[in-house]
Amino acid sequence: QVQLVESGGGLVHAGESLTVSCAASGSRLTVNVMGWHRQAPGKERELVADITRAGSAKYADSVKGRFTISRDNAKNTVYLHMSGLKADDTAVYYCTADAISYNPDDSPVVGRYWGQGTQVTVSS
């Protein structure tokens, strides 16, 4: 089974920086696009950024120029460096991985896998 474990969330003041990380693991795991979503109180979950294995990244307009997504393919790990944080960035941040794994009978399992989320709180 595929597991995604996030780390690095916390409480910061507006204008400060924070980096969250997510490592994907699983038997015979092939990870394609990885990304970050977030959900703020009273709002729908939204895509923040994603990145291909080759390093091509996309960002939501609200974070472009402030956030940087990166990954380490050897470690199946994705990072989100957040700078110039605002109160509106407060949310639970969820890691995603579009991946192929395998069942015990060798049948492939393809899907988008989600981490449990890490809280980022920005105080103003």
Side-chain angles (χ1 to χ4, degrees):
Q1 54 187 314
V2 178
Q3 293 184 338
L4 276 65
V5 180
E6 297 120 327
S7 62
L11 173 65
V12 298
H13 291 108
E16 296 180 339
S17 299
L18 191 69
T19 299
V20 290
S21 304
C22 172
S25 63
S27 179
R28 299 172 62 187
L29 184 66
T30 300
V31 179
N32 301 121
V33 174
M34 301 187 78
W36 292 93
H37 289 70
R38 69 184 182 186
Q39 187 165 25
K43 295 192 175 184
E44 296 294 320
R45 185 175 297 181
E46 64 175 346
L47 174 68
V48 177
D50 62 23
I51 185 169
T52 69
R53 288 186 60 86
S56 297
K58 297 179 181 177
Y59 299 91
D61 288 342
S62 59
V63 307
K64 197 168 188 177
R66 298 189 297 119
F67 291 11
T68 301
I69 189 170
S70 62
R71 66 187 290 169
D72 184 334
N73 291 334
K75 297 180 179 179
N76 281 333
T77 299
V78 63
Y79 308 90
L80 185 68
H81 177 68
M82 301 174 284
S83 62
L85 283 162
K86 306 173 181 179
D88 287 347
D89 295 318
T90 295
V92 177
Y93 284 71
Y94 297 91
C95 172
T96 64
D98 297 340
I100 303 172
S101 187
Y102 293 88
N103 290 314
D105 65 358
D106 290 331
S107 60
V109 179
V110 181
R112 172 166 289 179
Y113 299 89
W114 293 77
Q116 63 185 347
T118 185
Q119 177 71 47
V120 173
T121 302
V122 184
S123 64
S124 59

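Residue numbers run from 1 in the order of the sequence given. Any value given below was found using the heavy atoms of this structure, including those in side chains, with hydrogens, waters and symmetry copies removed.
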Show the numbers, then the answer: is there a side chain to side chain contact (heavy atoms under 4.5 Å, CB included) between Y59 and I51?
CA-CA 9 Å; Y59 299 91; I51 185 169; over 6 Å; no
Say whether, by atom type as modelled, one donor and one acceptor occur between the side chain of S83 and the main chain of R66 under 3.5 angstrom.
yes
Any idea which heavy atoms bring V31 and A24 closest together, and the distance?
CG2-CB, 4.4 Å
Do the side chains of R38 and V120 get nearer than 4.5 Å, heavy atoms only?
no
Drop me the distance from T68's OG1 to M82's CE, to the nearest 0.5 angstrom.
11.0 Å
If a pair satisfies side-chain hydrogen bond (donor to acceptor under 3.5 Å, both in side chains) and one of its residues is in residues 70-79, list it, with sequence neighbours excluded.
R71-N73
Only counting residues at least two apart or in another chain, list the ones meeting side-chain contact (heavy atoms from CB on, under 4.5 Å) with D105.
N103, S107
Let me see the working for Y93 and C22 under side chain to side chain contact (heavy atoms under 4.5 Å, CB included), right down to the final yes or no.
CA-CA 10 Å; Y93 284 71; C22 172; over 6 Å; no
Common cluster, V48/L85, ILVMFWY with side-chain heavy-atom separation under 4.5 Å
yes
Would you indicate whether the side-chain heavy atoms of R28 and D106 approach each other to under 4.5 Å?
yes
Any side-chain to backbone donor/acceptor pair from T90 onto V122? Under 3.5 Å, distance only.
yes
Look at the rings of W114 and H37 and say which category their plane angle falls in: under 30° parallel, 30 to 60° tilted, over 60° perpendicular.
tilted
Please tabulate, for side-chain N and O atoms in residues 2-12, each donor-acceptor pair with protein atoms closer than 3.5 Å (sequence neighbours left out).
| from | atom 1 | to | atom 2 | distance (Å) |
| --- | --- | --- | --- | --- |
| E6 | OE1 | Q116 | N | 3.0 |
| E6 | OE1 | G117 | N | 2.7 |
| E6 | OE2 | C95 | N | 2.7 |
| E6 | OE2 | G117 | N | 3.2 |

What I'd like to find out is whether the side chain of L18 reaches to under 4.5 Å of the side chain of E16, using heavy atoms alone.
no
Are M34 and I100 connected in a single hydrophobic cluster, I mean Ile/Leu/Val/Met/Phe/Trp/Tyr linked by side-chain heavy atoms less than 4.5 Å apart?
no
At their closest point, which heavy atom of S101 faces which heavy atom of Y113, and how far apart are they?
CB-OH, 4.5 Å
Going from CG on L47 to CH2 on W36, what distance comes out if it is rounded to the nearest 0.5 angstrom?
12.5 Å
